[in-house]
Visitor: 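Quick one: the structure is below, questions incoming.
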Amino acid sequence: MPRRRTSVFEKMFTDNRLRSIPNSEVQGTLCVEYWTSKILIELSAYKSLELDDVQEIANIRVVQAWQQEIENDVSELNARNDTEEGDRDIFDDSGDSVFRRYKSVKTELGKRINNPPSSMKKVYRDIKKEIDLHGFYPKGFAANLELIKEAYDLSEDEGLVTAFIFFTLAYRNLRRALNSFSYSDRGFFLVLEVIAKTLDLPLEKVQEMLGPDGKLIRMAIFGVDRESSNIDFEDYFESKSGISFFDLFFGKIDKKQLVSSILTPCNKSRLTLDDVKYLPVIDSLVVPFLKGIKEEGPRGVNVLLYGPPGSGKTELGKLLIEQAGKKAYTLKLGREEKVLAC
């Protein structure tokens with residue numbers, strides 16, 4: 001049985017007081033703040049946050065507003081109870097006065113559980129307005145993301161999912177909000193559902209994009225662990241593109257850098273034409289054809305070598321590329337490796 005998470009409200013009631021949340025600077029990345037706020041409010045993740053989580057993401061403005069509203073409510077309730085119950089130093093043996101005060105605070109704050117606090121919703125609306133003015137992604141990241149979409153031929157939705165996972169792996173605030181859900185029971189299906197709701201995408205589309213045949217997986221942009229029941233959201237994903245988030249966010253990626261992350265120069269083939277004399281079509285047709293392509297033919301011609309694993313396709317492919325006067329590279333697409341000429 002998975003352990004039951006203790007909510008913020010239950011911890012407050014147990015302590016019978018509100019622990020202070022340290023102030024910090026407002027998160028400067030609007031997309032992270034927007035996604036985190038949306039998960040907290042529209043997906044009701046704030047109901048399940050542990051107090052430590054709230055303290056960690058206190059620089060998210062909706063969380064700051066929420067904490068301030070609760071602090072104000074608690075102060076008001078305490079003052080009201082003091083006035084109504086008179087002298088707080090006089091208690092009967094059963095402690096009824098303490099119990100009534102505790103119950104009053106719990107009832108008032110409990111109303112907040114079913115409906116997001118108005119303070120959170122107001123700040124959330126303000127964040128949406130700021131995005132309209134300043135843009136969703138930082139400019140450098142937006143430019144790099146466009147290059148990735150072009151290089152991998154990604155759709156707008158595939159680019160959005162790519163950005164979301166990259167930011168999730170890099171930003172603790174976003175992870176804290178995502179990890180308020182319990183993934184141990186429903187596993188990767190719940191992960192897909194949370195992504196779909198956060199990004200306003202159909203669940204079936206997200207399943208397809210992050211499925212075994214989806215381009216994000218097939219092109220080895222991400223690795224996905226679908227089988228295990230991980231506790232944390234980020235444990236389901238691994239960046240395999242060879243491009244770090246630091247480069248994406250702060251650097252300027254070029255096509256050469258992208259290509260080098262998936263293409264590796266091959267060592268010289270261990271074969272010679274003498275080794276494949278039992279395949280006369282190689283010397284009489286394939287090699288002359290490839291040499292002609294290099295000199296005057298069209299670009300993008302493919303030669304398919306078919307055979308079972310271990311039959312020598314890779315070495316033969318390198319030999320043919322060398323005979324054509326081209327450089328051989330290994331293209332890594334997930335678990336697959338293909339030899340091609342550049």
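Model, not experiment: these values are computed from the prediction.
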Visitor: Run the side chain to side chain contact (heavy atoms under 4.5 Å, CB included) check on F167 and T29 step by step: do they pass?
Guide: CA-CA 10 Å; F167 275 101; T29 308; 3.8 Å; yes

Visitor: Going from CG on L319 to NZ on K268, what distance comes out if it is rounded to the nearest 0.5 angstrom?
Guide: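 The NZ atom of K268 is 8.5 Å from CG of L319, to the nearest 0.5 Å.
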
Visitor: I'd like to know if the side chain of N179 reaches the main chain of F233, judged simply by a donor and an acceptor atom lying under 3.5 Å from each other, with no hydrogens or angles considered.
Guide: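 Looks like yes, one N/O pair under 3.5 Å.
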
Visitor: Verify the neighbour count for atom CD of E208: are there more than 12 heavy atoms of other residues, nucleotides or ligands below 6.0 Å?
Guide: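 For E208, atom CD is not crowded (no more than 12 foreign heavy atoms under 6.0 Å).
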
Visitor: Search all heavy atoms of F166 against all heavy atoms of S239 and return the closest pair with its distance.
Guide: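 For F166 versus S239, the nearest heavy atoms are CE2-OG, 3.6 Å.
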
Visitor: Between L174 and E234, does the side chain to side chain contact (heavy atoms under 4.5 Å, CB included) criterion hold? Intermediate values first, please.
Guide: CA-CA 10 Å; L174 188 52; E234 66 271 18; over 6 Å; no

Visitor: Answer yes or no: is there a side-chain heavy-atom contact under 4.5 Å between V63 and N173?
Guide: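 Counting from C-beta outward, V63 and N173 never come under 4.5 Å.
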
Visitor: With rounding to the nearest 0.5 Å, note down the distance linking CG in L160 to CD1 in I195.
Guide: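 Interatomic distance, L160 CG to I195 CD1, rounded to 0.5 Å: 10.0 Å.
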
Visitor: For Y34, what residues pass the ring pair (Phe, Tyr, Trp, His ring centres under 6.0 Å) criterion, not counting sequence neighbours?
Guide: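 With neighbours one apart ignored, the set is Y124, F136.
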
Visitor: State, to 0.1 Å, how close G159 and L145 come at their nearest heavy-atom pair, and which atoms those are.
Guide: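 Scanning both residues completely, I find the closest heavy atoms to be O-CD1, 3.8 Å.
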
Visitor: Once you round to the nearest 0.5 Å, how far does CG of L316 lie from OG of S269?
Guide: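 Between L316 CG and S269 OG, I get 7.5 Å after rounding to 0.5 Å.
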
Visitor: Kindly indicate whether the side chain of Y46, heavy atoms from C-beta on, has any atom under 4.5 Å from the side chain of M120.
Guide: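 They are in contact (side-chain heavy atoms under 4.5 Å apart), so the answer is yes.
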
Visitor: Answer yes or no: is there an ion pair linking D153 with K215, defined by an N-O contact shorter than 4.0 Å?
Guide: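 The answer is yes: the pair qualifies as a salt bridge.
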
Visitor: Starting at CZ of R226, measure out to CG of L192 and round the result to the nearest 0.5 Å.
Guide: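 Spacing of CZ (R226) from CG (L192) equals 8.5 Å.
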
Visitor: May I have the step-by-step check of side chain to side chain contact (heavy atoms under 4.5 Å, CB included) for S37 and I60, ending in yes or no?
Guide: CA-CA 8 Å; S37 301; I60 295 292; 3.9 Å; yes

Visitor: Side chains of I221 and L154: closer than 4.5 Å at any heavy-atom pair?
Guide: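 Heavy-atom side-chain distance check passes, below 4.5 Å.
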
Visitor: Is there a side-chain contact between Q207 and F189, using heavy atoms and a 4.5 Å cut-off?
Guide: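 Yes, close enough: below the 4.5 Å cut-off.
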
Visitor: Testing the basics here: between G211 and I217, what is the closest heavy-atom pair and its distance to 0.1 Å?
Guide: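 Looking at all heavy atoms of both residues, the closest pair is O-CG1, 3.4 Å.
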
Visitor: Would you compute the distance between atom CZ of F181 and atom OG of S44 and round it to the nearest 0.5 angstrom?
Guide: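 F181 CZ to S44 OG: 8.0 Å, rounded to 0.5 Å.
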
Visitor: Evaluate the side-chain proximity of D225 to F237: yes if any heavy-atom separation is below 4.5 Å, no if none is.
Guide: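 When only atoms from C-beta onward are counted, D225 and F237 do not touch, as no gap falls below 4.5 Å.
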
Visitor: Counting N and O atoms only, with roles assigned by atom type, does the side chain of E315 sit under 3.5 Å from a partner on the main chain of R270, one being a donor and the other an acceptor?
Guide: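 Flag set: sc E315 to bb R270 pair under 3.5 Å.
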
Visitor: With a 4.0 Å cut-off, would you call D157 and K149 a salt bridge?
Guide: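 No salt bridge links D157 with K149.
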
Visitor: Ring-plane angle category for F141 and Y137, please: parallel below 30°, perpendicular beyond 60°, tilted otherwise.
Guide: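 Taking Y137 first and then F141, their aromatic rings sit tilted (interplane angle of 30° to 60°).
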
Visitor: Are D126 and K122 close enough that some pair of their side-chain heavy atoms sits under 4.5 Å apart?
Guide: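 In short, these two side chains touch, coming nearer than 4.5 Å.
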
Visitor: Is the closest side-chain heavy-atom distance between L305 and L320 below 4.5 Å?
Guide: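 Of all side-chain heavy-atom pairs linking L320 with L305, at least one is under 4.5 Å.
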
Visitor: Looking at R61 and E130, is there a salt bridge between them, counting it only when a charged N and a carboxylate O are closer than 4.0 Å?
Guide: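 Salt bridge between E130 and R61, a charged N being under 4.0 Å from a carboxylate O: yes.
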
Visitor: Distance check, rounded to the nearest 0.5 Å: E158 atom CD versus L210 atom CG?
Guide: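 Reported to 0.5 Å precision, the distance equals 9.5 Å.
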
Visitor: Tell me if a side-chain donor or acceptor on D275 pairs with a main-chain N or O of L271 at a distance below 3.5 Å.
Guide: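 Pair absent, no side-chain N/O of D275 close to backbone of L271.
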
Visitor: Measuring only between side-chain heavy atoms, which start at C-beta, is L201 closer than 4.5 Å to M209?
Guide: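 Result yes, sub-4.5 Å side-chain heavy-atom pair found.
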
Visitor: Donor-acceptor pair, R175 side chain versus L169 backbone, under 3.5 Å?
Guide: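 Yes: the side chain of R175 pairs with the backbone of L169.
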
Visitor: Looking only at non-hydrogen atoms, find the nearest pair between T198 and K38 and report the distance.
Guide: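 Nearest pair, atom of T198 first, then K38: O-NZ, 3.0 Å.
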
Visitor: May I ask you to say whether D132 pairs ionically with K128, meaning some side-chain N is under 4.0 Å from a carboxylate O?
Guide: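 Looking at D132 and K128, the cut-off is not met.
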
Visitor: Please name the pair of heavy atoms, one in A177 and one in A45, separated by the smallest distance, quoted to 0.1 Å.
Guide: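 For A177 and A45, the tightest heavy-atom pair comes out as O-CB, 4.0 Å.
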
Visitor: Decide, yes or no, whether a salt bridge links R172 with E56 under the criterion of side-chain N to carboxylate O below 4.0 Å.
Guide: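 Answer for the salt bridge query: yes.
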
Visitor: Checking E33 against N59: is there a side-chain donor and acceptor pair closer than 3.5 Å?
Guide: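 There is no such pair between these side chains.
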
Visitor: Let's go through W35 and L199 carefully: what are the C-alpha distance in whole Å and the side-chain angles of both, what is the deciding distance for side chain to side chain contact (heavy atoms under 4.5 Å, CB included) to 0.1 Å, and is it a yes or a no?
Guide: CA-CA 8 Å; W35 282 326; L199 303 181; 3.4 Å; yes

Visitor: If I compare all heavy atoms of V62 with all of L40, which pair ends up nearest, and what's the gap?
Guide: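 Closest pair (atom of V62, atom of L40, distance): CG2-CD1, 4.0 Å.
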
Visitor: Please confirm whether the backbone N or O of P308 pairs with a side-chain atom of K313, one donor and one acceptor, at under 3.5 Å?
Guide: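 Pair found, side chain donor or acceptor close to backbone of P308.
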
Visitor: What about F188 and Y183, are their ring centers closer than 6.0 Å?
Guide: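 No.
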
